Undergrad: 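This is the structure, below, for whatever I ask next.
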Number of protein chains: 2
Amino acid sequence: MTDAAALRPDTRAADAVVRELEARIASGALPDGAHLPPERDLIDTYGVSRTVVREAVARLASRGLVESRPRHRPVVRRPGVDAALAAAGGVVGHLLRESGGVKNLYDTRILLEGALVRHAALQARKADVAALARALAENEAAIPDSDRFYATDVAFHAVLYEIPRNPILPAVHKAFTAWLAEHWRKMPRSPERNRVNFLRHRDILLAIQDRDPDAAEAALASHLNAAWEYVRGTFEGP
Amino acid sequence: MTDAAALRPDTRAADAVVRELEARIASGALPDGAHLPPERDLIDTYGVSRTVVREAVARLASRGLVESRPRHRPVVRRPGVDAALAAAGGVVGHLLRESGGVKNLYDTRILLEGALVRHAALQARKADVAALARALAENEAAIPDSDRFYATDVAFHAVLYEIPRNPILPAVHKAFTAWLAEHWRKMPRSPERNRVNFLRHRDILLAIQDRDPDAAEAALASHLNAAWEYVRGTFEGP
DNA sequence: CATCGCCTTTGGTATGACCAAACCTACCTT
DNA sequence: AAGGTAGGTTTGGTCATACCAAAGGCGATG
């Protein structure tokens, strides 16, 4: 049965199994949430050794197609945008340790989020503005509690990523916050500081309500740049 | 995200080896380009079985920290932004097959690239404008040859991603073009069509030279949206 | 009916063996 | 001496088997 692999220059038998399982997942034969057959079943299904099966499953797991917890059956996960970014996450962790890595990632975020607020200012529907207002209200209510404030802060920005209704964007936001969270936790927090950030958020919302993309972008840039100044000392010099 | 599993302690011996090797790579003890010690050496270095060593190496490979060709010694690759996006690439391939996947990715590109041309209009240095002009000239020269035109087209856009001097952005561009290339190849090409695209590129450059971000963004959006209309029929209906 | 404990299943690891490709070295040819 | 070549050695890929420990199912028990 391994002869199927012999046709391709695939010297690795595991790749053949990966493709088989990939196809079974894509075709729905292995629906999302189901768990993979036991390794010992796959052995005689594909006529390969357990070594190969295990390597194949490991590859699927690393690509986010299955989720394998230590002593459990791997669970099929139809690939989502999250999975793609989670796959990238491993390397990103290293990149952030390199000099300037955090800054580069943060700058990228500013660039993208700037475009988002412009988009919001031009395209946001009533419901979007309402969602922003709601998030802002919760943000204000959380000013005394720094932990809760951080959560509502993230939530406010998250709304911006949802407005274009492109599923890639919320996933990118989740990835950004996850990757940067470690550093942001070190940032000194206080109700006064929270209030400043809340006011910036309010400025952004007001500019969006005014349908003024330039003002919205400016408010956002000033907000994010200020936050950067506040945490930069955590990793690098001047 | 899926890091919920990260809460649990590593019951896997392989993960320990992964961390060891990761550290050796990050510390430079295993410099970029060097190859990993033979599996049989790692066995007694870490006192584990070959099974574990092999699984560990496979994990490193899937994270892009080492590059393992079938019958060769794995080569250490210090992680770069490319590696991160390459890791995501496997899943993205599946996403693009889903309905609307290509559109979502392309919209994200438009959003980001719109921000880039705005940035360019406001911040581009003389050298950047010169690079754009050079890329544009090559683009024009390639109008009769559709293959070469495609290459110079990509190169022109690439310059936009280089202007902010943030290494993440060129990598993102490479990823975008790689992921979308498959579909773009199906687009009908012709010198007339090439000329239209060249003119759009020229509009973008002119707007940047005029330091007019709104015009630059408008030109880019119109350019990319037109391209989309041209290829949409390839995957989905109206 | 809920609970507890045993037994089976199943993933994680360890050995040891074999093959084929890649690598290296020493020898031979020119 | 330079170049190429044959043979042995290294090394990754695969297989088979065995054992362990945790997870899950099943039945006995209170």
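Treat the numbers as computed from the prediction; the structure is a model and nothing was measured. Proteins come first, then strands; the chains are lettered A, B, ... in the order of their sequence lines, and each starts at number 1.
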Undergrad: Could you tell me whether D147(A) and R189(A) make a salt bridge, using a distance below 4.0 angstrom between a side-chain N and a carboxylate O?
TA: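 Salt bridge: no.
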Undergrad: Is the centre of the H35(A) ring less than 6.0 Å from the centre of the H72(A) ring?
TA: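 Centroid separation for H35(A) and H72(A): 6.0 Å or greater.
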Undergrad: Could you check, using the six-membered ring where one of them is a Trp, whether W184(A) and Y230(A) have ring centers closer than 6.0 angstrom?
TA: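 No: the rings miss the under 6.0 Å criterion.
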Undergrad: Assign each of G47(B) and P74(A) to its nearest nucleotide of DNA chain C by heavy atoms, then name whichever residue's nucleotide is nearer the 5' end.
TA: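 Nearer the 5' end of the strand: P74(A).
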Undergrad: If you pin H72(A) and A14(A) to their nearest nucleotides in DNA chain D, which one's is more 5'?
TA: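 It is A14(A) whose nearest nucleotide is closer to the 5' end.
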Undergrad: Is any side-chain N of the basic residue among R134(B) and E138(B) closer than 4.0 Å to the acidic one's carboxylate O?
TA: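 No.
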Undergrad: Atom NE2 of H35(B) to atom P of dG12(D): distance rounded to whole Å?
TA: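 So the NE2-P distance, H35(B) to dG12(D), works out to 10 Å.
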Undergrad: Step by step, work out the salt bridge (charged side-chain N to carboxylate O under 4.0 Å, His left out) result for D128(B) and R165(B).
TA: CA-CA 10 Å; D128(B) 297 324; R165(B) 284 165 181 73; 3.0 Å; yes
Undergrad: Write down the distance between CG (D44(A)) and C1' (dA16(D)), rounded to a whole number of angstrom.
TA: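 It works out to 14 Å between those atoms.
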Undergrad: State the CZ-OH distance between F176(A) and Y161(A), to the nearest 0.5 angstrom.
TA: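 OH of Y161(A) is found 5.5 Å from CZ of F176(A).
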Undergrad: R69(A) has an atom CZ; how far is it from atom P of dG12(C), in whole Å?
TA: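 From R69(A) CZ to dG12(C) P: 11 Å.
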Undergrad: Given atom CZ of R73(A) and atom C1' of dA23(D), what is their separation to the nearest angstrom?
TA: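 Taking CZ of R73(A) and C1' of dA23(D), I get 11 Å after rounding.
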Undergrad: Reckon R54(B) touches a base, only the sugar-phosphate, or nothing at all at heavy-atom distances under 4.0 Å?
TA: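 The answer is base, as R54(B) lies within the cut-off (heavy atoms under 4.0 Å) of a base atom.
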Undergrad: Between L42(A) (CG) and dC15(D) (P), how many Å, whole number?
TA: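 Spelled out: CG on L42(A) to P on dC15(D) is 13 Å.
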Undergrad: Please list, chain by chain and in numerical order, all residues satisfying salt bridge (Lys or Arg N to Asp or Glu O under 4.0 Å) with R185(A), sequence neighbours excluded.
TA: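 Expected list: none.
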Undergrad: Among the candidates dA22(D), dC15(D), dA21(C), find the nucleotide nearest to the side-chain atoms of R71(B).
TA: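 Output: dA21(C).
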Undergrad: Rounding to a whole Å, what distance do you find between I43(A):CD1 and dG11(C):C1'?
TA: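 Answer to the nearest Å: 11 Å.
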Undergrad: Calculate the interatomic distance between E55(B) atom CD and dG12(C) atom C1'; express it in whole Å.
TA: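 Going from E55(B) (CD) to dG12(C) (C1'), I get 8 Å.
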Undergrad: Would you mind reading off the distance between E39(A) atom CD and dC19(D) atom P, rounded to a whole angstrom?
TA: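 These atoms are roughly 19 Å apart.
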Undergrad: With the criterion being N/O to N/O and under 3.5 Å, what pairs connect the protein with nucleotides 15-17 of chain C, and how long is each?
TA:
residue	atom	partner	partner atom	Å
dA17(C)	N6	R50(B)	NH2	3.3

